[in-house]
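Each chain gets a letter, A, B and so on, in the order its sequence line appears, and its residues count up from 1.
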Amino acid sequence: MSSAEHAVGHHVHRDDEGARLGMWLFLFTELLLFGGMFLIYSIYHYVHQSEFHLAAKQLNTMFGTLNTFILLTSSLTMALSIAAIQKEKKALSVFLQLVTILFAVFFMVNKYFEWSAKIQHGIYPGSEELLMKSNGEILFFGLYYLMTGLHGLHVIIGVLIIGYMTIGTVKGKINSGNFVRLEAAGLYWHLVDIIWIFLFPLFYLIV
Amino acid sequence: MTANPSGVNSVSYLEYKGRHKGIKSWIFSTDHKRIGILYLISMLTFFAVGVTFGFLMRLELFSPGPSIMDPQTYNSIFTLHGIIMIFLFIIPGLPAVFGNFFLPIMIGAKDVSFPRLNLLSWWLFVAGGLLAIISVFLPGGPADTGWTFYIPYSVRSGTNVVPALLAAFILGFSSILTGLNFVTTVHRLRAKGMTFFKMPLFIWSLYSTAWIQILATPIIGITLLLVVMERWLGVGIFDPALGGDPVLYQHLFWIYSHPAVYIMILPAMGVVSEIIPVFSRRTIFGYKFIAFSSVAIALLGSLVWAHHMFTVGMSNTAMFIFSFLTFIVAIPSAIKVFNWVATLYKGSIYTEPPLLYALGFIFLFSIGGFTGLMQGALSVNMHIHDTSFIVAHFHYVMFGGTGFGIFAAMHYWWPKMFGRKYKIKTAKTAFWFLFIGFNLLYFPMFIMGWLGMPRRYYDYLPEYTPYHRLSTIGSWILITGLIIMFSNLYSALRRGEKTTEPNVWGGETLEWKSATPPPLENFDVLPEVSEAPYEYKENDEVEEKKTEEAV
């Protein structure tokens with residue numbers, strides 16, 4: 001062997017089934033990450049039922065409903081973008097991915113208004129206004145900021161991932177013969193969606 | 001380099017030239033063997049730091065009263081010793097180093113499923129390690145909470161707790177990625193004919209470990225982040241003044257950290273299961289029992305976490321259940337020990353260094369395991385909670401167990417990995433230093449713990465002096481052993497006799513069918529498997545012939 005560079009065989013190997021399996025395993029870890037928070041929520045909800053109820057009344061259900069609608073629709077457009085690429089409709093797929101990103105941005109803008117309204121009323125972790133309230137309410141709002149905050153972070157990461165996929169689709173790296181990465185991004189986005197599906201009733205509806 | 005007509009792959013992974021040159025050809029390599037070596041180097045570096053801290057702690061405890069450090073320094077040092085040894089040495093020790101190197105080879109694959117993710121996990125590991133080190137030098141001083149970061153002190157301490165927490169978080173992420181990679185690899189890339197029950201037992205243990213890494217690590221991730229949030233924002237989740245519950249933190253912490261001790265010990269059990277049949281030239285006794293006991297440990301180990309918290313105040317029912325489950329979890333471990341011993345029985349035993357270290361594992365782990373059972377009993381637990389008895393138990397399991405497992409793996413696979421032989425005699429000398437030093441260092445802790453010596457104290461009453469003296473002297477012998485062992489392995493790399501013999505020890509698993517050192521993609525032709533591992537048929541036949549002739 002005198003050549004300066006040996007032949008590389010690494011990235012030639014492709015295993016879509018393996019990639020999907022890996023993504024599902026990653027989603028498990030995400031579920032357990034949020035699972036820790038859901039566990040804490042359920043314990044404190046059990047301990048402070050009436051106070052949680054009182055605190056939840058101060059949340060604006062309109063914001064939550066709107067965001068649920070936005071996120072559910074974005075999951076649809078995401079799934080459609082994968083269907084589009086499978087049917088070799090590249091332009092449509094790119095368009096649908098961009099729509100998904102746009103919905104995600106709407107979601108975050110909505111969230112921004114919701115949070116800033118709360119903060120303007122002096123309700124945020126450690127604020128005097130909040131500390132005057134009962135323990136259950138303090139915990140409710142603490143969890144509200146932590147859980148929707150962590151979820152919001154996932155929305156932002158999702159936007160970056162989908163954006164990266166859109167570039168890949170435009171360049172043709174993601175195409176009807178090789179779309180497993182777009183599929184994985186879609187799975188991630190559905191996870192972001194499904195976590196919200198649980199957050200929404202827990203904070204806005206059933207308490 | 002010799003030209004080999006059989007194909008491009010036959011170049012050793014050590015000599016392979018890719019896109020990058022020099023150090024870049026290592027730190028940007030996606031080859032699982034190079035990543036394994038990267039982990040080996042970084043892990044051993046951190047191990048050296050951890051050992052130094054341990055050595056200093058023992059030195060401080062040589063005599064009662066302050067001798068070489070003040071209490072605050074002592075608190076920081078035992079915290080760092082714990083964080084480094086657990087998150088940077090024992091957890092990655094076997095899966096990330098030897099798992100990375102040998103998992104693909106032993107299942108007859110070219111690489112892991114996600115080679116680039118594998119490299120990313122090493123980078124995260126280094127980033128987390130560096131963050132932990134940096135936290136020592138930032139203003140505020142190193143964290144002094146102990147590696148458990150118990151609330152409320154971890155929120156109140158003025159030291160750099162946040163960088164230490166974030167370091168542990170990043171290391172957890174690295175660990176998750178490794179686990180995810182291994183599970184996918186085992187499912188997708190096994191060689192033709194290698195069914196699950198033809199996999200080597202090391203792979204079974206790595207597979208079970210990988211599941212724990214995936215399922216338990218996220219819980220510690222979120223818990224540590226919550227402590228960070230608690231420090232930054234004062235949310236109140238764990239603060240009783242705001243309605244929170246500090247005991248909840250302990251539950252969440254141990255929901256991960258108890259399974260984590262199985263992340264640490266299971267791969268070491270796998271290594272022992274590899275070594276024992278090879279050096280007794282017998283098929284492993286009870287293959288399926290060992291395989292399933294790994295899975296059983298992974299499952300049951302996830303249900304015993306609260307036995308760390310018997311003194312915090314739980315309902316009697318909860319205590320009873322957790323105590324009961326703790327006794328149950330000892331069964332699969334015992335099954336393994338019995339099977340190893342049964343394999344040795346009537347085998348033709350070669351007491352080479354790998355076997356010595358593996359036997360050391362069985363002996364020390366058994367002591368550690370039994371003392372663990374003692375703590376599982378509620379009444380005894382009250383007596384020895386937070387004493388040095390716990391420290392002794394933990395070190396017997398983790399150092400005597402996993403640590404010796406790592407040393408066994410090194411001696412078993414070193415010639416394969418580097419194509420160099422180490423000095424057998426020196427390796428055996430090192431073993432005896434380690435074994436004697438280890439027992440002298442940790443056994444007195446059982447006794448003084450039983451007599452009431454609390455753990456994590458930098459000072460003690462004069463009546464404990466003889467035990468502390470013995471223990472400190474033991475630490476010197478142990479460190480001498482470590483120096484002999486590592487310099488022997490290191491000088492093997494420099495001056496050791498070269499070997500290209502594929503099967504150094506007479507093993508029957510696939511890594512011994514690959515060239516020494518393994519070529520870039522492990523095999524020129526991917527192997528096909530037709531029989532279970534550890535089939536020492538030839539050997540049995542030879543034995544039978546001999547006996548027939550003798551008759």
Gap between atom [atom2] of [Y] and atom [atom1] of [X] - 0.5 Å precision:
X        : Y        : atom1 : atom2 : result
A:Leu33  : B:Thr217 : CG    : OG1   : 11.0 Å
A:Asp16  : B:Arg188 : CG    : CZ    : 9.0 Å
B:Thr184 : A:Met23  : OG1   : CE    : 11.5 Å
A:Met37  : B:Thr223 : CE    : OG1   : 9.5 Å

- Query: Which class fits the ring pair A:Phe26 and B:Phe173: parallel under 30°, tilted 30 to 60°, perpendicular over 60°?
  - Reply: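 Perpendicular.
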
- Heavy-atom pair with the smallest gap, counting every atom of A:Thr29 and B:Pro218: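 Heavy atoms of A:Thr29 and B:Pro218 come nearest at O-CB, 3.3 Å.
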
- Message: Is there a side chain to side chain contact (heavy atoms under 4.5 Å, CB included) between B:Ile222 and A:Leu150? Walk through the geometry before answering.
- Response: CA-CA 10 Å; B:Ile222 192 71; A:Leu150 188 64; 3.7 Å; yes

Sort out for me which of [options] touches chain A most, counting heavy-atom pairs under 4.5 Å.
options                                : value
B:Ile255, B:Ile219, B:Leu215, B:Asn181 : B:Leu215
B:Leu117, B:Leu233, B:Ile214           : B:Ile214
B:Leu252, B:Asp239, B:Leu248           : B:Leu248

Below 4.5 Å, heavy atoms only, C-beta onward: do [X] and [Y] meet side chain to side chain?
X        : Y        : value
B:Leu242 : A:Leu131 : yes
B:Val235 : A:Ile138 : no
A:Ile40  : B:Leu226 : yes

- Item | Interchain contact, A:Leu39 with chain B, by part (heavy-atom threshold 4.5 Å) |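 Contact with chain B: side chain only.
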
- Query: Is the backbone N or O of B:Ile237 less than 3.5 Å from a side-chain atom of A:Tyr44, with the two atoms forming a donor-acceptor pair by type?
  - Reply: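 Pair found, side chain donor or acceptor close to backbone of B:Ile237.
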
- Task: Test B:Trp211 against A:Leu25 for side chain to side chain contact (heavy atoms under 4.5 Å, CB included), laying out the working first.
- Result: CA-CA 9 Å; B:Trp211 271 109; A:Leu25 291 172; 3.4 Å; yes

- Message: Using a 4.5 angstrom heavy-atom cutoff, name the option from A:Gly136, A:Gly22, A:Gly142 with the most pairs to chain B.
- Response: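 Looking at each of A:Gly136, A:Gly22, A:Gly142 in turn, A:Gly22 comes out on top.
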
- Full working for side chain to side chain contact (heavy atoms under 4.5 Å, CB included) between B:Leu225 and A:Leu146: CA-CA 10 Å; B:Leu225 281 187; A:Leu146 286 178; over 6 Å; no

- Message: Is B:Ile176 in contact with chain A via its backbone, its side chain, both, or neither, using a 4.5 Å heavy-atom distance?
- Response: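 Contact with chain A is through the side chain of B:Ile176 alone.
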
- Atom group of B:Asp245 that falls short of 4.5 Å from chain A, counting heavy atoms: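 Its backbone and side chain both get close to chain A.
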
